[in-house]
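The structure appears below as structure tokens.
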Amino acid sequence: MTRTPEPVTRRRRLRLRVWLPTAVATLLLVPLGVLWWSSLLPSSLSVMQMGSADFGTGGRPLEHHHGDMHGMSVTDLVADPSRPPDVRVDLHAARATLSIGTAQVSGYTVNGTSPGPTIRAREGQLIEVRFTNDSVPGGVTLHWHGVSVPNAMDGVAGVTQDALPPGQSFTYRFVAAQAGTYWYHSHQVSHEQVIGGLYGALVIEPKGGTPPPDAVARAHTYAGVRTINGRPENLVVATGAGGQIRVRVVNTDNATLPVWSSGPVVVAAIDGNEVNEPSPVAGQVIRVPAGGRVDLLVSPASAGMRIQLSKATAVIVAAGGAEPAEPEQPAARFDPLAYGRPADVGFDPSRLDRHFDYLVSQLPGFVKGRPGVWWAINGKLYPNVPMFVVAEGELVGMHIVNSTSEVHPMHLHGHRVMVTARDGVAATGSPWWTDSFDVQPGESFDIVFRADNPGIWMDHCHNLDHARDGMVAHLAYDGVSTPFLLGGPAGNEPE
Ligand code: C2O
Ligand code: CU
């Protein structure tokens, strides 16, 4: 007689039935837990310790001191303190209920309105802005979008300064080096504060002579309502003595702004950079990226001109007579890559000192303790994103690839960049200098810039919801560090 082994096997199977799922679950959950845990930001984090240094390729060997303060502090990088200001402005931020048409929207004001006042200066002047937080609970800062300010004036909470709590002030001082259309906005909890109205325009007029007549059109969407200069209606402007006007369009939203007109307009400048030999544009949509600006030169026919800023609102350049009818949105797109004529830029963009890759993808994981599929930069989720390190004086190239399903309006602080190619197609028009450019899904950009402004600079997506979700990296100059902390006692939260 042989004993049957069956009951033993059954017991073993039973035990396995209990233990196996538990073991598998543990094996799966432990790494997930670790991922979740490691994605939680410590209560304070220095940007110096964020992610890992990326030295790119080429250039001399550099060091990036992970953590400790060394070399020069961002706070040393200021405008000449002995130079008196030419333009002085007082700005006050407040929490407020905004009247957008008939709607009441909770948001923010600068000097009692949203948008705040347009600051005007002449090229070469020193601007001094004393900025006070009257009543914004979470703290505020001001960032000068598109202006190559000294790093300490860049207004990024936790990187170049602490957020200002209610009752505190900060004085921004910088030289308006280049004529053009720019804007300012809070860089503390910006995905909420900018969208809520804490922004305004900065116009730097060319020096010498009388500035040509212009109109600023700040396009912004408040709680789903499209506006120009805070009003959900058309903006009517008149041409100056010469029958011409420069319409300065500023897109302060998170999404691309489509612009088209009832007649030919000249794209005179992109992001504050004059286009070389621009020609009239008609029958094309000019797509202004989030954060971007275009200056349109308009010399209307006697019937006037109508410039749509999306379907909802328009700038009407009146020339007496009736208001022109709404033009249909053209299918053709304006393309800066082939607009205007080439010009010498004073360097050979193919002779780079250093080169980086900035690859945007989507990866599952945890960002700030939240599970999901998030934006990744070079395969890493925030805060393990790269810190791009350069040396002053270098000509730097960057290859940006968007392998995600959404457009990313890319914005590097403190520098203007020149687009040399898009999807491998070389630029053939005027040098395309920009600070805010849309990288479409599947698209690649090659850009160059001169590392001529030492500091630690954000290099992020200007869809501020994407930035909040981790689409933020930094460019650091060798030997510069910051004493400020993300989080920390000031509650710095730049995105
Ligand atoms: Cu318009 Cu990081 O900024
Ligand atoms: Cu984005």
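Both counts, for ligands and for their atoms, begin at 1 and track the order of listing.
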Between Asp446 and Thr420, a side-chain donor and acceptor under 3.5 Å: no
Geometric class of the His145/His143 ring pair [parallel <30°, tilted 30-60°, perpendicular >60°]: perpendicular
Residue Arg88 excluded, over 12 heavy atoms near CZ under 6.0 Å: no
Salt-bridge contact Arg248-Asp295 (side-chain N to carboxylate O under 4.0 Å): yes
Donor + acceptor pair across side chains of His460, Glu495 (<3.5 Å): no
4.5 Å side-chain heavy-atom contact, Val78 and Arg173: no
His185, N/O/S atom nearest atom 1 (Cu) of ligand 1: NE2
Atom 2 (Cu) of ligand 1: protein N, O or S atoms that are less than 2.8 Å away, sorted by chain: His187 NE2, His413 NE2, His460 NE2
Salt-bridge present (Asp214, Arg120; N to O < 4.0 Å): yes
Whether Phe334 and Tyr339 hold their rings parallel, tilted or perpendicular, with breakpoints at 30° and 60°: perpendicular
Sphere of radius 2.8 Å around the Cu ion (ligand 2) - protein N, O or S atoms inside: His408 ND1, Cys461 SG, His466 ND1
Donor-acceptor side-chain pairing of Asn453 and Ser148 below 3.5 angstrom: no
Matching residue for Pro383 among Met50, Lys368, Gln49 - test: side-chain contact (heavy atoms from CB on, under 4.5 Å): Met50
